[in-house]
Amino acid sequence: MTIRNEELAAQFDELADLLEAQDVEYKPIAYRRAADNIREYPENVATLATQEGTNAVERIDRVGKAIASKVVEYAETGEIDELAEKRAELPVDMAALTSVEGVGPKTVGRLYEALDVRTLDDLETAAKNEKIQTVSGFGPKTESNILDNIDFARQSQDRQLLSDAAPIGAAIVDYLTQTVAVQRCEVAGSLRRWRPTIGDVDTLVASTDPQAVVDAFTDWPDTGRVIEAGTGKASVRTNDVRVDLRVVDPSEFGAALQYFTGSKDHNVELRNRAIERDLKVNEYGVFDISETDDPDAGQRVGDRIGGATETDVYDALDLPPIPPELREGRGEIDAAAANELPDLVTLDAIRGDLHLHTDWSDGRNSIEEMVEAATNRGYEYVCITDHAKGPGMVGGVGLTDDQLETQLSELRAVGDDAEIDVFAGVEANIGPDGRLSVADAVLEQLDCVVASPHAALDGDGTDRLIAAAEHPAVDIVGHPTGRQLNQRSGLDIDVPALADAAAKAGTAVEINANPRRLDLHGSAVQAALEQGATITIDTDAHGPESYDYLRYGVHTARRGWAEPSDVLTTWPTADVRAFLDA
DNA sequence: GCCGTTTTCGGCCCGACTGTTTTCAGTCG
Ligand SMILES: Nc1nc2c(ncn2[C@H]2C[C@H](O)[C@@H](COP(=O)(O)OP(=O)(O)OP(=O)(O)O)O2)c(=O)[nH]1
Ligand SMILES: [Mg+2]
Ligand SMILES: [Mg+2]
Ligand SMILES: [Zn+2]
């Protein structure tokens, strides 16, 4: 069983926390940055470590010799010596304890030393028995806050789906916009960057009366508990999610929007670029501090260069504006500096959808209804790809080879009457051995074959998917990992290897736009494009209303640096037909 | 521990809020 990047990253996050508890400087940050990059790496890092050694691992940004050798150590032995030592010195359930709001590594360290607190249960007992307030530096408020927050920490803390968080963001923006003191209000954070999952809803307001805005915010009918409420910043929890608010003066809105949109890594990189230029960037603006004695003297020291708009901020750093979807600290600042930012794909550029279901399998509508809805959306073509029979098809919904041939004639008949082009396709299952659930003789008659995994979604899927991508009849590898957000992580894939094979075989790799999937995700798309792969954005709609998933797919493509020409479904019908025929 | 179109050593983003403290540490964004 391979070690997932997530598991590997968690080791370094824990080591970071243990070191921070011991007042070690800088290393915790170094380990966390490395952990973040390992987590996002488009190949399995443990496999890389075993097969190619430390040099290959050191290619990961922020991973140097020391961390690379620890990666190899973990991949080979399942343990990291230094981590084991630190755990012995501080034998606590670090992840659980720090999941309590307001409890960080230092608190964990001190409560272990003073009260032998190792687990959430220990923490609860200590708080209930009023032991925590006896520790110096802690008081009754800290103790009761901890007690209040323990129950929440015990619940699973899933991130919200983008599609669930978006309406919450719209609701709070709507509410705040009606507040008199609010001049402008925008969603920021991961929601503005279209991350597939959202930790909290970040909202930015421009106002000259911050207190009034914070008051309105905590009075919001959806507000459950107020986590904190200061003069220009507040956080609350609704039933579903945490909502953060930041309020700034209208003249500072751009700098604040830049700050609050993030990502954190992007902000740090941007601010470092500022330092190189004797500038300071914060959420209030860009400041020239070359003539300033003490740049740390306050938030607005130096000569203000700008900050009314986001473009001001980037401009002051000699950069073109960077679209929010790119702001993940994955090379976008270097690309911007070199004027090599991609010309990102847009919703308008999409001309069709190549992965759709009807009531011939598990869809809710007829072929005609799906085609009509696509026509009304202004599409130039669709491809109907009902499930073929096979593993993972619940209740035997899939079509047999005979049924597929029957449906093919039906699709041709509908196509003859339709205003748009109707391609005949199928969604075939990719078995664990890479074989498809439909006979080659049937596949060859169809215009477009989507091959995708539906069962046995554990472990490494690279060989399996490459086998499918190289099948002569296959045109698209659909939802490649098979992940379901918050449910299952799906197959582990060496994305560059899959993309390379797909590019050579003339097979497209899908971004499945269903917001429960978003598969491939942004950084995988970026890796795939680097190998020259063609991407297709499909909704996998099982009814006309699901065509609206498209926007999640398009923004995921943008997160993967995709330009229109990279995306098959922006191509005109004739070019798509040529791609499918080839 | 990591990193480098001024560096292979000397820096490492910057600020708000809370609770505890009598001036700041910890946590979080
Ligand atoms: N400069 C700087 N900005 C930060 C830092 N932490 C957070 N931010 C900014 C960038 C983030 O996108 C923004 C909102 O913070 P969040 O913790 O909500 O992160 P974000 O929304 O990106 O992800 P999330 O889905 O909420 O986990 O605040 C930091 O340490 N330094
Ligand atoms: Mg957020
Ligand atoms: Mg936030
Ligand atoms: Zn499907």
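Per chain, numbering begins at 1; letters A, B, ... match sequence-line order.
Relative orientation of the Tyr314(A) and His266(A) rings is tilted, given thresholds of 30° and 60° on the angle between their planes. Ring geometry for Trp220(A) against Phe217(A) counts as parallel: the plane angle stays under 30°, on a 0 to 90° scale with 60° as the upper cut.
Counting only heavy atoms from C-beta on, Ile275(A) has its side chain closest to dC14(B) among dG26(B), dC14(B), dG1(B). Of all nucleotides listed (dT27(B), dC2(B), dC14(B)), dC2(B) comes nearest to the side chain of Ala66(A). For Lys106(A), the listed nucleotide lying nearest its side chain is dT27(B); candidates were dT27(B), dG29(B), dC3(B).
Between Phe12(A) and Arg32(A), the closest side-chain pair of non-hydrogen atoms is not below 4.5 Å. A heavy-atom distance below 4.5 Å is not found between the side chains of Phe260(A) and Glu186(A).
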With 3.5 Å as the limit, what N/O pairs link the protein to nucleotides 15-20 of chain B?
from    : atom 1 : to        : atom 2 : distance (Å)
dG15(B) : OP1    : Lys280(A) : NZ     : 2.9
dG15(B) : OP1    : Asn282(A) : ND2    : 3.1
dA16(B) : OP1    : Tyr284(A) : OH     : 2.7
dA16(B) : OP1    : Gln299(A) : NE2    : 2.9
dA16(B) : OP2    : Gln299(A) : NE2    : 3.1
dC17(B) : OP1    : Thr231(A) : N      : 2.7
dC17(B) : OP1    : Gly232(A) : N      : 2.9
dC17(B) : OP1    : Lys233(A) : N      : 3.3
dC17(B) : OP2    : Thr231(A) : OG1    : 3.3
dT18(B) : OP1    : Ala229(A) : N      : 3.1
dT18(B) : OP1    : Ala229(A) : O      : 3.3
dG19(B) : OP1    : Asn145(A) : ND2    : 3.1
dG19(B) : O3'    : Thr142(A) : OG1    : 2.9
dT20(B) : OP1    : Gly139(A) : N      : 2.5
dT20(B) : OP1    : Gly139(A) : O      : 3.0
dT20(B) : OP1    : Pro140(A) : N      : 3.4
dT20(B) : OP1    : Thr142(A) : N      : 3.3
dT20(B) : OP1    : Thr142(A) : OG1    : 3.1

Short N/O separations, protein against nucleotides 7-10 of chain B, under 3.5 angstrom:
none

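In this structure, Asp334(A) has no side-chain hydrogen bond (donor to acceptor under 3.5 Å, both in side chains) partners at least two apart in sequence or on a different chain. By the side-chain contact (heavy atoms from CB on, under 4.5 Å) test, Asp318(A) is found to be paired with Arg273(A), Arg277(A), residues two or more places apart in sequence or in another chain being considered. For Glu130(A), there are no side-chain hydrogen bond (donor to acceptor under 3.5 Å, both in side chains) partners two or more places apart in sequence or in a different chain. Residues meeting the side-chain hydrogen bond (donor to acceptor under 3.5 Å, both in side chains) test with Glu14(A), sequence neighbours left out: Arg87(A). Scanning for salt bridge (charged side-chain N to carboxylate O under 4.0 Å, His left out) contacts around Arg517(A) gives an empty result, with sequence neighbours left out. Among residues two or more places apart in sequence or in another chain, the salt bridge (charged side-chain N to carboxylate O under 4.0 Å, His left out) test is passed with Asp116(A) by Arg118(A). With sequence neighbours excluded, no residue forms a salt bridge (charged side-chain N to carboxylate O under 4.0 Å, His left out) with Glu563(A). Remark: Glu82(A) pairs with Lys70(A) by the salt bridge (charged side-chain N to carboxylate O under 4.0 Å, His left out) rule, at least two apart or across chains.
The NZ-P distance, from Lys27(A) to dC3(B), rounds to 15 Å in whole Å. In this structure, Asp265(A) places its CG atom 11 Å from C1' of dC13(B), rounding to the nearest Å. Here the P atom of nucleotide dC13(B) and the CD1 atom of Ile333(A) are 13 Å apart, to the nearest Å. In this structure, Arg62(A) atom CZ and dC2(B) atom P are separated by 10 Å, rounded to whole Å. In this structure, Phe152(A) atom CZ and dC28(B) atom C1' are separated by 15 Å, rounded to whole Å. Nucleotide dG1(B) holds its P atom 11 Å from the CZ atom of Phe12(A), rounded to whole Å. One interatomic measurement links the two molecules: CG of Asn267(A) to P of dC28(B), which rounds to 18 Å at whole-angstrom precision. The nearest whole Å value for the distance from the CD atom in Glu58(A) to the P atom in dG4(B) is 13 Å.
Separating the P atom of dT21(B) from that of dA16(B) is a span of 24 Å, rounded to the nearest Å. Using P as the reference atom, dT5(B) and dC13(B) are 16 Å apart when rounded to the nearest Å. Taking atom C1' in both dA25(B) and dT20(B), one finds a spacing of 9 Å when rounded to whole Å. Taking atom C1' in both dG1(B) and dT8(B), one finds a spacing of 14 Å when rounded to whole Å. The P atoms of dC12(B) and dC17(B) are separated by 25 Å, rounded to the nearest whole Å. Annotation: dG11(B) and dT6(B) have their C1' atoms spaced 15 Å apart (nearest Å).
Regarding contacts with the backbone of dG1(B), a side-chain N or O of Tyr31(A) is found under 4.0 angstrom from either OP1 or OP2. Taking 4.0 angstrom as the limit, Arg110(A) places none of its side-chain polar atoms (N or O) nearer than this to OP1 or OP2 of dA25(B).
Among the atoms of the strands shown, only primed sugar atoms or phosphate atoms (P, OP1, OP2) are found under 4.0 Å from some heavy atom of Asn272(A). Contacts of Thr107(A) with the nucleic acid, taken as non-hydrogen atoms under 4.0 Å apart, involve only primed sugar atoms and P, OP1 or OP2. Across all strands, Pro105(A) comes closer than 4.0 Å only to sugar-phosphate atoms, never to a base (heavy-atom distances). Backbone-only engagement by Lys65(A) is indicated by non-hydrogen atom pairs under 4.0 Å involving sugar-phosphate atoms exclusively.
Aromatic stacking of Tyr26(A) on dC12(B): satisfied, with centres closer than 5.5 Å and planes within an angle under 30 degrees.
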All N/O donor-acceptor pairs, side-chain side in residues 53-61 of chain A, below 3.5 Å, sequence neighbours left out:
none

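Here dT7(B) is in the syn range [glycosidic angle within 90° of 0].
Checking side-chain atoms of Asn5(A) against main-chain N and O of Val45(A) turns up a donor-acceptor pair under 3.5 Å.
For the contact set between residues 160-171 of chain A and DNA chain B, defined by any heavy atom under 4.0 Å, there are no members.
Across every strand in view, dG26(B) sits in a pair with dC17(B) that passes the Watson-Crick or G-U test at under 3.5 angstrom.
Toward the 5′ end of DNA chain B lies the nearest nucleotide of Ile67(A), the other residue of the pair Glu101(A) and Ile67(A) mapping further downstream.
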